[in-house]
Structure formats: structure tokens, C-alpha cells
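The basis for the numbers below is simple: all heavy atoms, side chains too, and nothing from hydrogens, waters or symmetry mates. Please read all numbers here as calculations on a predicted model, not as lab measurements. Each chain gets a letter, A, B and so on, in the order the sequences are listed, and its residues count up from 1.
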Amino acid sequence: MTEINRLDSGGNIDRTQKITFTFNGKSYTGYQGDTVASALLASGVNIVARSFKYRRPRGIMAAGVEEPNAVLQLGKYEATQVPNILATQQEIYEGLTCRSVTGWPSCDVDFGGLIGRFMGKMLPPGFYYKTFMKPAFLWHTYEKYIRKAAGLGRSPKESDADRYDHVHHNIDVLIVGAGPAGLIAATRLSAANVRIMLAEETTEMGGSLLSSQQDINGKDAKVWVKAALKDLQANPDVRLLTRATVNGFHDHNFVTVNERVTDHLAEKAPTGQARQILHKVRCKWIILASGAHERPLVFGNNDVPGCMTASAISTYIHRYGVIPGSRLVLMTNNDNAYHTAIDWYQCGRTVIAVVDTRPNPEGKIVQKVREMGINVFAGKAVIDVRGRNRVTGVVIADIEPSGQAVMGMLTTLDCDTVASSGGWSPVVHLSCHTGCRPKWREDIQAFVPGSHRENILFAGSVNGHYDLANCLQEAVNCADQIILNESLTVQEVLGDFKVESALEEPIMPLFSIPHTKPVMQSPKQFVDFQNDVTVSAIDLAVREGFHSIEHVKRYTVMGFGTDQGKLGNINGMAIVANALDKSIPEVGTTTFRPNYTPVAFGTIVGRYRNQLFDPERYTAMHRWHCDNGALFEDVGQWKRPWYFQAYPGEKMQDALNRECLAVRQSVGIMDASTLGKIDIQGKDAREFLGRVYTNAWAKLAVGKCRYGVMCNEDGMVFDDGVTACLAEQHFLMTTTTGGAAKVLEWLELFHQTEWPELDVYFNSVTDHWATIAINGPNARKLLSELCEGIDLDKDKFKLMDWRQGIVAGVPARVFRISFTGELSFEINVQANYGMHVWKALQVAGKKYKLTPYGTETMHVLRAEKGFIIAGQDTDGSVTPLDLGMDWCLSNKKSFSYIGKRGMARSDCLRKGRKQLVGIQTKSKEVMIPEGSQAVDNPYQPLPLEALGHITSSYFSANLNQSIAMGFIKDGFNRMGDTVYYPQPDGTIITAEICSPVFYDPNGDKQHVE
Amino acid sequence: MIQMVTSNMLNDTQHPDEKNTIKPALYALMDQCTSGDVAMESPVVHTAIANDGIQNNGIKVVEEAFLSHLVIRGNVNDQDFISAIETAASMRLPEKLQTSQGAHATIYWVSPDEWLIATNKDAFETEANLREKLSGHYALVNVSGGQTRLLLSGSNSHRLLHAASPYDFHLSNFPVGKVITTVFARAQALIHRKSIDEWELIIRRSFSDYLALWIEDFIISC
Amino acid sequence: MFYIRCPYCEEHRDEQEFHRVAEANLVRPSDPDGCSDQEWGEYLYFRKNTRGEYNELWVHSVGCRKFFNIQRNTETYEILNTSPV
Amino acid sequence: MEKYSAFTLFAHALKHHKNWQPVWRTPSPKKTYDVVIVGGGGHGLATAYYLAKNHSLKNVAVLEKGYLGGGNTARNTTIIRSNYLWDEAACLYEHSMKLWEGLSNELNYNVMFSQRGVLNLGHTLQCMRDIERRVNANRLNGIDSVVLSTKEVQKLVPALDCSSNRRYPILGASWQPRAGIARHDAVAWGYARAADALGVDIIQGCTVEGFMLENGAATGVKTREYGAINAARIGCVVAGNSSVLSSMAGFKLPIESHPLQASVSEPLKPVLDTVVMSNHVHAYISQSDKGELVIGAGIDGYNGYGQRGSYSTIEDTLRAIIEMFPSFSRVRMNRQWGGIVDTTPDACPVISETPVKNLFFNCGWGTGGFKATPGSGHVFSSMLSEGKASMLTKPFSLERFYTGALIDEHGAAGVAHS
Ligand SMILES: Cc1cc2nc3c(=O)[nH]c(=O)nc-3n(C[C@H](O)[C@H](O)[C@H](O)COP(=O)(O)OP(=O)(O)OC[C@H]3O[C@@H](n4cnc5c(N)ncnc54)[C@H](O)[C@@H]3O)c2cc1C
Ligand SMILES: NC(=O)c1ccc[n+]([C@@H]2O[C@H](COP(=O)([O-])OP(=O)(O)OC[C@H]3O[C@@H](n4cnc5c(N)ncnc54)[C@H](O)[C@@H]3O)[C@@H](O)[C@H]2O)c1
Ligand SMILES: Cc1cc2nc3c(=O)[nH]c(=O)nc-3n(C[C@H](O)[C@H](O)[C@H](O)COP(=O)(O)O)c2cc1C
Ligand SMILES: [Zn+2]
């Protein structure tokens, strides 16, 4: 393809760097600095998409983020596919591959277009709410086709190999947009010794100055831009970002900026580089200098390729040296668009006419255009466009000064391009993200930012200052306001400027051009191009009763697209206002929300994916477990050994049986370091314990431990553990692995807010101690081989005692507590020694066949003993009474401990509560799956009344039978009763209610010599 | 002070339950380190940070392993407490968000009633020494096994911090000597600016493999 | 994203260092056992949940671990004041 | 009410769609109503519809301060399921599910109820225990619910990374095939249209600012725009604003209002055919018929009425999405927003009489009430017409917060925020 629309000179492209890329399978060329859009236009490509509903051919309409049509699928490889990239934003690089996301078989020839043309009438807004209801069962099938037809690009199927990063910034001033306003504000502030970030969405700083022929200080404004940038670059406190979209403004001046670091270089980021960076900025001040988007006028067939906004045409000419056609008709309701006619004319191509809707345009620029010999038709409008795949002409008519009707003779003009300008819509989006509403200005027919609580200032055309001089002045004022407010000293006053003021005549309030036919019969007049929303659709919505602009949005889907209605929304609101006979501000805008432009999920996630998604917490012995066949269980963020495979491929149940038998028959070893540990010191520690635990603590002697249950104020169990009395005013509390942080905060909460008078301090020592549990009849023998300084005699070192001594050469606290029912010692050493002691035990344990075991075996063993696990056997609706733990409640305490009143509420005392009991299957080899629900009579019709569920269920190798625990309504009174557990496969497991203690009910095992 | 009894003494025969011959200990002080030749493993021993640390492009991270870390709790309005600490440590107790630096130790402010002392001296001696001077309501907790200190340095070190944490590390807000506890990657750290380009990070043992991984991921791509 | 001044650290920190605990000034009844079910239920569950200015209890959890009161506007998200408990 | 069908659509097309009737009237309020419903969300509108339809109460008004369906109804992720743990909740939601199944035809408005199935993923052993428990309870309650293995999950959702090397690998899931999503706006509009046709006055832009109280009984409401309106009975269905209304009547509720956020990607070709929810890594996602991925975020911890939350919540959610769907990393997020959800201590609603006579509240649906819209309206209409609770609603009275008979759907129940 030759670049038939490339001008011989001009544009900020590097003509020495020719680049080849592929669009829809065809190869095209362009230059370094081109976007896909500018390169396609240079090559005379007309159709880039098919519309969503009517499958109409669509071309490029705009030059920036407001583009609704040119939505592409980017990427040659599966893992680097990117859906829905705008041709107007994507710079070309060698080998870039992209294609249209719509059109079948292609976007040039789309069979859907036929359907669209003939069936279109059947597709008014919301048609799907009115159809596809009968027969009901077919809806699923209809839906499949609807889904297929919808959607733009496609998701990649492979994982993204690129890296993304986050960077936090704390700065004084964030300036959004590097047009003249943003640049001069930055310049002015740069002398004030403040930290500044200037973020610009496009590839280059300069904003609209890059697309126009204005002068600053008597010279081409682009010269001024270069000079300003040079100064700014020299200041280390100024951070300049291009390809960086400020996409969200959040509370308390927190702003997110999405920088596309390598998207212009290649599909995949060069090695070592992040593809995109999310800058998270907390700033004292924001200057919003985000400019304004030109909005097109709405007229018949205004979507035919070749219809563009006026300013886009100027941008293609000035920034890319591309002129997207030969013969131009320009329609405008304002002076500003005349610049485009001049630009076109100066490229040596034909301006057929400027069609000005105003009855009497007399401004300076109008004169100038007339003087160039260009036809200016005043008081007229383009009502219809000829051509299907490209504009071939326009129909014009006289328009009433009110804009309400057209009249008179229709004239046809031949042309291939229609530019239109309906005025400008300030880019107020960010100003609204924290809930503020924009306000309407009648004089410029536009919404500008409303008043704000935050430190946010507005400069330039975003605030309705379209005149360059005013625009610059306002930005200078913003900077000065900050300097004043922050009492900054300025070394030298920067940013003085001289610009000729270009007075313009007022804009005509006009959005949609009426047609000679009534709305419903006129040619399609598009408002939201991406969603195929037309004037008649809006009109119909309003007639059907959707009066709120939010209803119109939702009913017609106007503004729902990837462009969020940047081009069409204001026109749509004006059309609604007109239909309701209200003013535009009465109708109001829809809500602006982040993102200003879309942001890749990957960017929002940053580094925090795969291994870094969430911390994995390890104990000091973790590496040993990895090296010795451990499979891990996730408990909170911890990785705990679940069970150990003695050889690769050992079956889980085999491993468990082996581990369980080892513990009961000889000795097993477990890493218990993850248990939460809280050091408690202070004279009131004991009193405090008595208040937060349900049982009594007043008499616990030094050297002793006690089990305790903690409840919420509602009386429900929330954690449990053993607490040791280390010294008179010093305790060590243990918590469940998952509960550690919560418990510590719970203690602090009550201490700091309720009982500050109690002298006590809490500190987490979870990570400080490595805890090794050895369990089994040989535990004492094993320990004695490595232990010094502790009399291990069973009467000297009793159950629930702790002692201090040396284990494997390391000072240790040894607790004689048992969660398995076996003789058991928990050895605590400073964690840096954990691995040493663990390994020493392995060596010494050889002769006892010391067997490492994991959480699962621990669970089986404790279940054999009927011990509960908070979180597995409880769920936040269980009181200690429901667990049969009356023995753990002390009602003699003078203080009403936490949970006491809660568990005395009427429902907690009622008969028939679910209570935790043992469950024994009738066939002892059958295991009841955990979560099974018990019923009294499984043969009743549904719904069946469930009595309670199985919380824990295991095969006990020691007993050679299944064991289980579960809730049963009124279970304590139903010992020996038979209950049934219906299974998903239709089978029914029969079981008997029993004591939860299946093993060693008298606790003899604790007393082995 | 008279009541000071290390729970070493509790070992065998002198269990207070049985023998009430001495006044019971208020706090259990324990020498947790061995004098023997026992292998210690620092929290990051299995990571890229171990030994000589990791460095690239103006960022370096090394571990300062096996320091003694001691938490001090007490009331700043209690003059006795302050002076006891200051005498025992021969260092000032730092003000809010500050550190004080001694020959062998650094004291970090953690919260209005909490400080951390990190020292290359023996934890037991340090604690015993402090306890000897202290009375009233206070707490000392040995956490040497539970955390470790990393030294982050280099001309680009601030970049790592800016990627990991939302805090403002600019010199104007974070002068040398300041300390904070804040979010660090998806965990947390105590961060102290030791000099313009040197930062101490104190991190928890159980999170240290994750944090080392994060740091490595950052440093190799920075 | 709130920017919250911790009244103990006496400087602003990012919201991520904190979390909210409950409505502020919920005082545990001095004699729980003397409370009726209704009174206890009110204490446990019933909240002002004001739209507008509201007092909440927050904790500087990744920081000094201290609980403090925030007075803020639940509609605009402005923080009016923070103070120690 | 004009009948909607493919045929009428065709007939209207021939006439250039000039003759469609308004879907509802725009009446001014009368002086007195039998029942005034405060809140024109899905629940309020459904209540009005069933009052008129099932209880022959046609002198009914719905007062909505904004545009109808503009509260949480407009901003939820539309997940519909009934696989709740406790019998009381399961029965209520299943009651609703049955109504969903005939709703489009009942209302003659296609609410696009898409029974594409919902997966609740389990990532830990405890998750799986909870899933088994819930599925078993569901089955006894006659709710279609099964446990799927990782392999079966992978087959249903090819885009999901089910490999064992994830940080929190997927160990299995519960699956309710009848569950799915619906077009949220259509639900509000469909109920409004049908209620309007039965004579209910739907009054938008009408803010209730207070109640008229006499001897501990409510006799009407005070509105900002229209002054006093009398009513024999008043039903408040104002979701996140429930505490605001109750404080006007002088009592507190066991409710806290929190921001809950959601977001959508740009529209994509079909890539996800079911709904995927994960309590553990905390995110949920589905793809709408228009093609955008609809993603539910977490709830913000603080009380808030701002209809927006904190950015870190959005980050956390997307982290979770990418953990589950690493291939979505280059998909882009188009828009995020928030709603105000009315949470209760047990994650179950309050459908109840109140300390004020003739004043009833239906609230506390929190993060998951869209799915209950038909059921909620149905049972609340009975309460309003009979003046007392029915079997289905009794367990959801305020009384439970005193007795302690909470229906704790937290955690174990896989409530997630939807
Ligand atoms: C982000 C998000 C995701 C969710 N996802 C799901 C999901 O996937 N599945 C699910 O089942 N649920 C979900 N929910 C919850 C669900 O949206 C709500 O529970 C449900 O929509 C509530 O409906 P409603 O009609 O009660 O409330 P709303 O739709 O909020 O209606 C209440 C109405 O009351 C009006 N009102 C308030 N005060 C006054 C007053 N003083 N006078 C007059 N009118 C007043 C409001 O303007 C509003 O329109 C989600 C919620 C959110 C925010
Ligand atoms: N006469 C008229 O009718 C008229 C109308 C509009 C503009 N103008 C001219 O346009 C100029 C306006 O200058 P200005 O500085 O206000 O605006 P500008 O359009 O020159 O610059 C705004 C810049 O902000 C960037 N931007 C917008 N949103 C952004 C975001 N979220 N993140 C990052 N960057 C973002 C844009 O890419 C653009 O470069 C003046 O020269 C004025 O004369 C004239
Ligand atoms: C299920 C669902 C799907 C949505 N899809 C889109 C979408 O494709 N594009 C869009 O712009 N907004 C979409 N929205 C968001 C709405 O635009 C809007 O943000 C939301 O209804 C909240 O209203 P508000 O932003 O006006 O406060 C969707 C909302 C919901 C609930
Ligand atoms: Zn603090």
C-alpha cells in the first residue's frame, strides 16, 4: 500500500525510520512516531471496524482517546494478545500485528451488514427485554448467539510473561496533562522547590499546541514547548511522564497513573523492563490541565467512514503529516473549527465548503477563511451523508437559528471527508471521581468541574478557557495559588508569556442536526458510535419513560463502551434534554468513574502475582520438610507440613496410617512453630487472662500450663490454646495458627479501650520460638538422650508442667502438654536454633524410628482423643456448652468474663441446640465424609431436617476403624441413638451417636514410664 | 530487683510450688543462647540474600544476622523507667519516630510505649542488665529469633523502598535517624534511615523468605 | 484511599497501615450479668451507622498497634479529626 | 399493560417504533395510601408488585429518592444462587430462585436470567470441608448443589488455572447448575412496569425525610419534594440507607453500611461461561452477555455512604483474579464503581416488624441481596399485607439479635460478597 495521504513534509514523525506493520493480514508502512491510526489513514484505509449492532462499516473518527470505532486486537503471539487497543493510541513498531475485532468474514465484507440493514429496525434499544421470552427453555440458546455477537476483542489464552511494577510517590503537586496549561504550571512551580509530577497521556508533551499553528512569545508554540521541557528536565524535583494516563482520582488526593513503558516498542517488553508501571501518587495538590475533547455534531449517516471531528483532522496534519482525504466539507457551530479548514487548504487539498450552522458568523477567522476563497455557507447544516464505505457527498439544508428544524432546498455537495465540530467538552472526568458533580456553563455550552473539597485546581480548557492566553494565565494563577498557600519561596519568577488573544464569536447551542424526516424515520444519526446508539434510540427511550439520564444510559447503553462516551455523552444529554423539554444541567451528566481510559489488569496487580501473590510464611525447619517429602497445607499464610511421603508416590492414607501408628507405638515429631505465641507481662496479667478466657487463672502456679477457651462477647468460641505461667507476672499464651494476629489484636483492644488500668503488656513471640512436638510412648526416652537440666521423671515433670533446660545443646523451654493423648513434650528453642535441634532429634530418634508427621496425622490423633480444633469443629455459632466444655467455664470469677453474658442469652440456653458428639459408623470400615449431614429418617421427602454435620472424620489406623465427630441436635441426650448420613451418590451411612473420646478414655497413655 | 530470679533457678528442685523458700520470680528471664558450637540458621539462610547478600544497579541488600533483638515496653511518663533504661543501656531512649545509636546497639522507637533494641551484645546479659535497673510496670521481650535486620544500601536504594511501600522516603520527610513501621511489599517492616543511602529493615522471620523473594525479584529487574 | 493521621505516631499514613474496628465509644456494660437480653443485644449489635459525621475506632495495625478514634464524614469521606482513645 | 413479544416488536418496527407506550406512569403522589414502600430498588418494586398481584393491595406507592433501580440494584454483580448453608436462609433464597425461574414470563419482561451455573471454589482443606457441609445441607433442602473435583472445575472453566503450583491451588468447588446471573436493570424495570400496570404509583425523585408518628405508631412519611403522605403501613426497603431511615423513626438497627466495589473489563468475546466465586482468594467473576467481565471486589472495612471505596480493595481483587486467571493479565479494566451495602452481624437479612407499629423494615441483604429480589418482595408483601411475619420470615426478625438466634452465614457458608 502506498501512503497516498502522506504529506511531503510536516508532522512530528521520523521519516528516516520506515516501519512495516500488519493490519487485518495486510502489510502497511508508516514512520517512527505514527500511531496505527495515522499510518492507516496515510495509506487510505477507510474501514477499520463494523459497528456493534447494525454491522455498519466504520472508519477512524478521532485522533486520541475519544476514538470510538478504531478498536483493535493487537498481537502476533497468543500470550501477548491485547484486546481492544485504540488505533489512535497505539504507536507502530516493526512487525506490529493487529486486526479489527468485528466483521465476519472480514470488516470490509461483513455479512452481518445485511442483517443489520434489514433487521436493524427490529433492534430498537432494549429489544432483548421485549423478546426471547417464549418458549422459556430456548432463552439459553438465544443467549449463546447474543453473546457471540457481542464482545469486541478476545482475551489471550496463555499467561502473560511480562512484568509489571508499582511505584509510590509522595509529592507536592501532580499536574495532569502537558498541554500549554500543564506545562506552564509546571514551569512556574519548578522554581519553588517543590516535588512535581507532570503526567501526559500521549507520547509527547505539548497537548493541543502540537496540532495547531499558535504562537507563544512571538514564536511557533512548539518552540516554546521544547524550551519549557528543557527547563523542566533540568530540575530533579520534577518528574516528567509521557504515555502516562492519570486514570483515577481517589479520596484524600490519591491518584493512580498508568504508564505504558514499552507498548510502543514491541509486543513483549524488552528483557528486564516492566511493560507498564502503576504510579500511586499521594499529592498535596493537583492541577488538572486535561484539556477538552471536541465533540462532533450529530447528523444523518454521520458514521460513514470519512466523517471525523475537525480537530482530529488538524492533529493528523500537524502531528503526523497525514491528510485523511481530498475534498473536505466542514460543518461547525463555532469559530475554532475553521482552523481545520485552513489546515486542509494549506495542504493543497480542496475545501468544498465550510457549513456554519450559525446564521451570521462574522468572526476574524471566518473572514480569513472567506478571504482564502473558501465557501462559507452560513445558517446551514449537513443533514445527511452519501456513501457507504466512504463518504461520497453530503446533503445540506438551511437550519433555523433555534436549531430545532431544517428547511428549504436540499443541496448535495460532493466530498470524501466530512469534518464536524459541535464545540468542546472539557475533560472533567477526573474531577468527578470522588463524587463531585460538574457544572454547566451556558456561554461555552459545556460542563466544567464543580466545586471541590480537595486541593484540586483547574487550568486551561478543562475549565472552559479555550483562549490560549486565558488558558496560560489560569495555569499561572493555579501555580501561584499553591505557592501562596504553601508559603513557598520562589527563586525566580518563571512562566511569563506573551500571546495574542484570539477573540472568538460565541458558539451556537446545537448538538444534533434535525432532519427533514421525523426522528424515527430519518437516516441513522449516531450519538454513541461504539454502541450504535442513535438519536431515535434516545428519543424512544425517553418516550418509553426512561427520563433520568442514568436510565437512558442503561437502556440504550450509551456511554457504556470502552470509550465511556467521551465523544457522544454530552450530545446524548442534550438530546434527552430536548426530548424532555428540560435544560441540559437539569438532565445532568452520568457519573464519571475510574478509569479515565482502561488499564490492564496486570498493571493493577503489579508484582503481586504467582509466587508473590501472597506471602508464604515458613517456620525455621521448613527447608527440612521440603527435603523430606512433606506435602504442605495452607493454614492462613503459613505452609504447614500436611503429611510426609516416606517414598515418592506413597499414598496419602498409607502415609497417615504409618505416621499415626508411629506416634502411638513409638514416637513421632511435628513442627508446631506456627502456633501463635503471645508474651504477656505485668502485674495484672493473671486478672487479664481471667477476663478473656472462660476459665480460672488466679491460681495457676509458676511452672504450670493451662488450656483455655476464648469467646467473643456473643459467647461463641473463637480461639483456644494453652497458656503457661512463666513467672508470677509473666505468661506465655498460645493461640491457633490462624488466630494469632486476631487474638493479639483482641487482647490489645480490650486493654487499650476497656481496661487500660490493668498493668499488662502483650507482645507477639510467634516467630521467635521454634516449637517441636515429640509425641509417643518413647518421647521421654528420646528427649532424655538430648536433654540436660530437666528431671524428666513422670512425677517430677507432670502433665501440664513446663521446665527449662538444655536440649541438643540449646537452652529450651519444654512443655509437657499433649494434643495427641500420648506422652508428649513440646520443645521451644530460639528459632535460629530450630533447625539444629530438629536435626539432632532426628539423629537421636533413629533408634525409636522417630517419624515426622504433619497436620493431618495430628488431626487424626487428637480426634481419637475427642479434642476439638477451633475453626474446624467450631464455626462461630458454637458456645463452649455446645462442645460439652462446661468444665472450662468458671462462674466463680468476680469479673464477668468475655462471652459469659453472651452464652447466657435465651437462644444459647435453649433445648435442642446442636451439640458436638462422637459418631461411630455401624460398619466400622466405612468413613463418613466430612460435611455430611445427619438425619433421623432418610426416607422422608425433601426437605429433610438436618440434625447437624460431621466436622471431623478420619480412618484411625490405631483403632482400625473410622472415627468421627459432629454436631447433633440435642446430641448429649441422644447417646447411643442411630442417625443416618445420606450421601450424594444415594447411599446412606448409618451411624451411632457416641462419646467423642475413642481412644484411651482414662488417659493412661499419659502415664507411661 | 531483689525479686529478680532467673527462671534458670526454677529448673529442678526449686519449684516455687513446692519450695517457697525464695520470693517468686516476677518475670522469667532466660539465657536462650548456647555457648556451645551449635549451628544457627538465620531467617534468610535459604535465600538469595544469605551470606554476601544481593546487589545490582546501585541497590544492595545484606543481612545483619544474629543480632540480639529486645522489645522494651514501658511508660514514658514514668521517669524512673526512662532513667533506668538510659542508665542500663547508656543510651537515650529515642523520641517518637527516632532512633538512638550507641556503640553496640540501636534503639528504635516503635510506639509510644514500645522500643526495640538491636545489639550485637548478648541478649541475656542485656536483658538481665536492664531488668536489674527496672522496676514498676514494664516489659522486656527477647525476640532475637523472630526477626532479622537487613541493610539496604546504594544510590538507588530508595527505588526499592518506593516500590515496596507507600510511605514518603524523601529526605525532607525521612531524615537520617528516623524510623517507622510500615507496609512493605505484602508484609511489613520496620525501616530506619541509617545514612543518606543506607536503610535498616527489620523483618519478621516467617515472612523473610517471601520478602527475600520479593527483593530478589525487584533487584534483578531494576 | 484514606490518608490518616495516627494520633500516636503524629503523622499521616496510608490507609493500608490501618483498619477500622468498630463504632467508637462502645462501652462494655459494667454489669453484663445484670443486663437483659435486650440490653446485651443492643451492646453487641445495634449501631448508629450515621450518614454524615461519625466516630469510629481504628487501629494503627501496621505501625504502633494503638487504637484511636476517628471523627469523619461517612458521606464525603473527609476526616475531621483523629484522637487517642 | 402492552404485551411484549417478537410479534409486537415486529409490528412496532413497521410503524417506526412511534407507538410504544411508556413503561410506567409518572404520577404525583396521592394524599393517602394503604401501603407506602420507601425505596425503589428491586426489592421495593417487587414488594409493590406482589402486594398488588397477590394481596390485591393496589393503593400502593413506591417512593424513590433518585431514579428507580439506581441503588445497589444498579451496581451489583448480579450473581443469583440459593446454595446457602443454614436451612432458614437456604429456604428463603431457594424460594427466590423458584420465582426467578418463571420471572421473565411472569413480568412479560426478559430479565435475561441466565442459568449458567455458579462455582464456589475451595482452596484449602477447610474450604473443602465447608463446601461439603454446605452442599450436603443444600441437598437435604432440595437445592441442586454438588461438589466438583479440580478436574471437573477445569473442564467447566478452561480459562481458570487449576494447576497445583498456584499459591492457593484450587482443590475443588461447589457447583449449582441452576444458579447464574441476570440483567439487573431489567429486573427493576420489569417489576416497575408490572407494578405500575396493576395501579401502583411509582414516584421517583421523592425523598423520605421523616415519619409521622403517633403513639408509637407510624401514620405516614414526610417527603422532601411532596410533603406528608399518609399510609396505613410503611415498608422500608432502602438497603444501605436503612440506618438513616430507622434513626428518623427513633431506633437503631443491627446494621452497618459499607462500600462494596465492583468493576468491569472492556467487552470480550465469550471466554467465561459460568460464574466463578472464590471466598478464599476473594474475588468473583462472570462475563455478561455484552462481553465485559464483571468482577466483584471486597468490602471496605469502614462505614461509608459514598458509593465508592478504596483503591487497595480493587487491587486486592484483581490480584485474586490474576491468581485464578493468569491469562486475563492483558485484559483491561474499563470502569469501577461502588455501592453501599447494609451488612448485618450474621450476613442474613432483617425482615421484620420494628419498635414502631405499622413500620416494617426489609434490609440487611448486604452484599448478596440481588439474588433474593423476587423472594424478598414476595415475603415482604405478605408481611405488609398481614402485618406480621410468616414461617419463612420469622427467623429473620430483629428479635434474633436479642435472643442470640443468629443465622450465621459468615465464613463457613461461603457467603462471599455476592
Ligand atoms: C458491588 C455490589 C455487588 C453486589 N453483588 C451481588 C451479587 O452478585 N449477587 C447478589 O445477590 N447481590 C449482590 N449485591 C447486593 C445487592 O445489590 C443488594 O442486596 C440488592 O440489590 C438490594 O436491593 P434493594 O432493592 O434492597 O436496594 P437498592 O437497590 O439499593 O434500593 C434501595 C433504594 O432506596 C432508595 N432510598 C434510600 N433512601 C431513601 C429515602 N430516604 N427515600 C426514598 N428512597 C430512598 C435508594 O435510592 C435506592 O434506590 C451487590 C451489591 C453491590 C454494591
Ligand atoms: N478555541 C477553542 O474552541 C478551543 C477549544 C479547546 C482547546 N483550545 C486550545 O487548546 C489548548 C488548551 O490547552 P490545555 O493545556 O488546556 O489542554 P490541551 O488539550 O492542550 O492539553 C491537555 C493534555 O492533557 C492530556 N490529558 C488529558 N487527560 C489526561 C489524563 N487523564 N492523564 C494524562 N494526560 C491527560 C492530553 O493528552 C493533552 O495532552 C489551548 O491552546 C486552547 O487555545 C481551543
Ligand atoms: C452487571 C454490570 C455490568 C456493567 N457493565 C458495564 C459496562 O460494560 N460498561 C460500563 O461503562 N459500565 C458498566 N457497568 C457499570 C455502570 O456503568 C455503573 O458504573 C454502575 O451501574 C454504577 O452506577 P454509577 O457509576 O452511575 O454510580 C456495569 C454495571 C453492572 C452492575
Ligand atoms: Zn501510629
Side-chain angles (χ1 to χ4, degrees), chain A residues 163 165-170 195 272-274 280 282 607-608 611-612 614-620 622-623 638 679 681-683 701-704 726-730 759 761 763 765-770 789-791 796 803-806 808-811 813 829-836, chain B residues 5 7-8 10-12 15-17 24-28 30-34 36-43 46 66 71 73 113 137-147 159 162-163 165-170 173 185-187 204-211 213-214 217-218 220-221:
Chain A
R163 192 186 285 282
D165 209 355
H166 287 179
V167 182
H168 299 269
H169 302 263
N170 290 270
R195 286 185 274 167
Q273 279 203 58
K280 303 202 241 176
R282 179 81 67 179
R607 257 167 226 283
Y608 301 102
Q611 282 170 294
L612 298 178
D614 197 40
E616 290 190 356
R617 296 179 68 183
Y618 298 157
T619 71
H622 184 79
R623 184 52 66 106
W638 289 96
D679 178 280
Q681 299 180 30
K683 75 172 169 24
V702 179
K704 292 270 174 203
L726 299 180
E728 256 325 301
Q729 304 187 359
H730 194 172
D759 278 349
Y761 286 116
N763 278 87
V765 288
T766 303
D767 289 18
H768 173 71
W769 296 102
I790 303 179
D791 185 346
K796 293 278 169 56
R803 292 290 180 274
Q804 184 175 317
I806 307 285
V810 177
R813 283 190 185 135
V829 293
Q830 206 251 43
N832 292 334
Y833 299 110
M835 186 65 109
H836 163 80
Chain B
V5 179
S7 54
N8 288 6
L10 290 178
N11 280 346
D12 21 59
H15 199 283
D17 265 0
L26 294 183
Y27 302 104
M30 171 180 174
D31 185 355
Q32 296 166 9
C33 289
T34 163
D37 185 17
V38 164
M40 291 172 86
E41 284 194 354
S42 93
H46 298 293
F66 307 129
V71 171
R73 305 291 302 267
D113 60 3
H137 179 41
Y138 74 95
L140 291 173
V141 190
N142 183 349
V143 291
S144 314
Q147 53 195 39
R159 287 189 40 212
H162 283 136
S165 166
Y167 194 73
D168 182 3
F169 297 100
H170 194 267
N173 183 63
R186 296 204 55 76
R204 276 177 80 170
R205 166 180 274 278
S206 57
F207 288 94
S208 54
D209 285 86
Y210 162 80
L211 285 173
L213 200 64
W214 190 96
D217 188 68
F218 184 88
I220 55 171
S221 64

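With a 4.5 Å cut-off on non-hydrogen atoms, B/Val71 touches chain A through its side chain but not through its backbone. At a 4.5 Å heavy-atom cutoff, A/Ala770 makes no contact with chain B through either its backbone or its side chain. When heavy atoms are compared at a cutoff of 4.5 Å, B/Asp37 does not approach chain A at all. For A/Tyr618, the parts sitting under 4.5 Å from any heavy atom of chain B are the backbone and the side chain alike. Contacts of B/Ser42 with chain A are made by backbone atoms alone, with heavy-atom separations under 4.5 Å and no side-chain atom involved. In this structure, chain B has heavy atoms under 4.5 Å from both the backbone and the side chain of A/Asp759. With a threshold of 4.5 angstrom between heavy atoms, B/Phe218 approaches chain A through its backbone and through its side chain.
Interatomic distance, CG of B/Asn142 versus CH2 of A/Trp769, reported as 7.0 Å (0.5 Å rounding). Put simply, OG1 on A/Thr619 and CG on B/Asp209 are 9.5 Å apart, with the number rounded to the nearest 0.5 Å. If you take CD on A/Gln611 and CH2 on B/Trp214, they are separated by 14.5 Å, rounding to the nearest 0.5 Å. Going from atom CG of A/Asn763 over to atom CG of B/Leu140 covers 10.0 Å, rounded to the nearest 0.5 Å. How far CG of B/Leu26 is from CD of A/Glu728: 7.5 Å, rounded to the nearest 0.5 Å.
With a 4.5 Å cut-off on side-chain heavy atoms, B/Ser165 and A/His168 do not count as touching. B/Ser208 places none of its side-chain heavy atoms less than 4.5 Å from the side chain of A/Asp767. For the pair A/Asn832 and B/Arg205, the minimum side-chain heavy-atom distance is below 4.5 Å. Two residues are said to be in side-chain contact when any heavy atoms from C-beta on lie closer than 4.5 Å; B/Tyr210 and A/Leu612 meet this criterion. Using a 4.5 Å heavy-atom threshold, the side chains of A/Val765 and B/Val141 count as touching. Within the 4.5 Å cutoff, the side chain of A/Lys280 has no heavy atoms near those of the B/Pro166 side chain. The closest side-chain heavy-atom distance from B/His162 to A/Asn170 is not below 4.5 Å. A 4.5 Å side-chain heavy-atom check between A/Tyr833 and B/Cys33 finds at least one atom pair inside the cut-off.
Under a 3.5 Å cut-off, the side chain of A/His730 and the backbone N or O of B/Ala28 do form a donor-acceptor pair. In terms of modelled atom types and a separation under 3.5 Å, the side chain of A/His836 and the main chain of B/Met40 share no donor-acceptor contact.
Between chain B and the options A/Glu616, A/Lys683, A/Arg607, A/His166, the largest number of non-hydrogen pairs under 4.5 Å is found for A/Arg607. Per-residue heavy-atom pair counts under 4.5 Å with chain A were compared for B/Pro43, B/Gly145, B/Ser144, B/Ala185, and the maximum is reached by B/Gly145. Heavy-atom pairs under 4.5 Å with chain A peak, among B/Ile220, B/Asp113, B/Val143, B/Asp217, at B/Asp217. Of the residues considered (A/Gly272, A/Ala831, A/Pro615), A/Pro615 shows the highest number of contacts with chain B, using heavy-atom pairs under 4.5 Å.
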Check against side chain to side chain contact (heavy atoms under 4.5 Å, CB included), B/Gln32 and A/His768: CA-CA 11 Å; B/Gln32 296 166 9; A/His768 173 71; 2.7 Å; yes
Test side chain to side chain contact (heavy atoms under 4.5 Å, CB included) applied to A/Arg617 and B/Arg204, step by step: CA-CA 10 Å; A/Arg617 296 179 68 183; B/Arg204 276 177 80 170; 3.2 Å; yes
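The ring-ring contact (aromatic ring centres under 6.0 Å, His included) search around B/His137 returns A/Tyr761, not counting sequence neighbours.
With hydrogens and angles left out, the side-chain atoms of A/Gln681 and B/Tyr27 include no donor and acceptor closer than 3.5 Å.
Note on A/Arg282 versus B/Asp168: no salt bridge recorded, every NZ/NE/NH1/NH2 to OD/OE distance being 4.0 Å or above.
Scanning both residues, A/Tyr608 and B/Ala163, for their nearest heavy atoms gives OH-O, 4.2 Å. Across every non-hydrogen atom of B/Glu41 and A/Ala620, the tightest pair is OE1-O, 4.1 Å.
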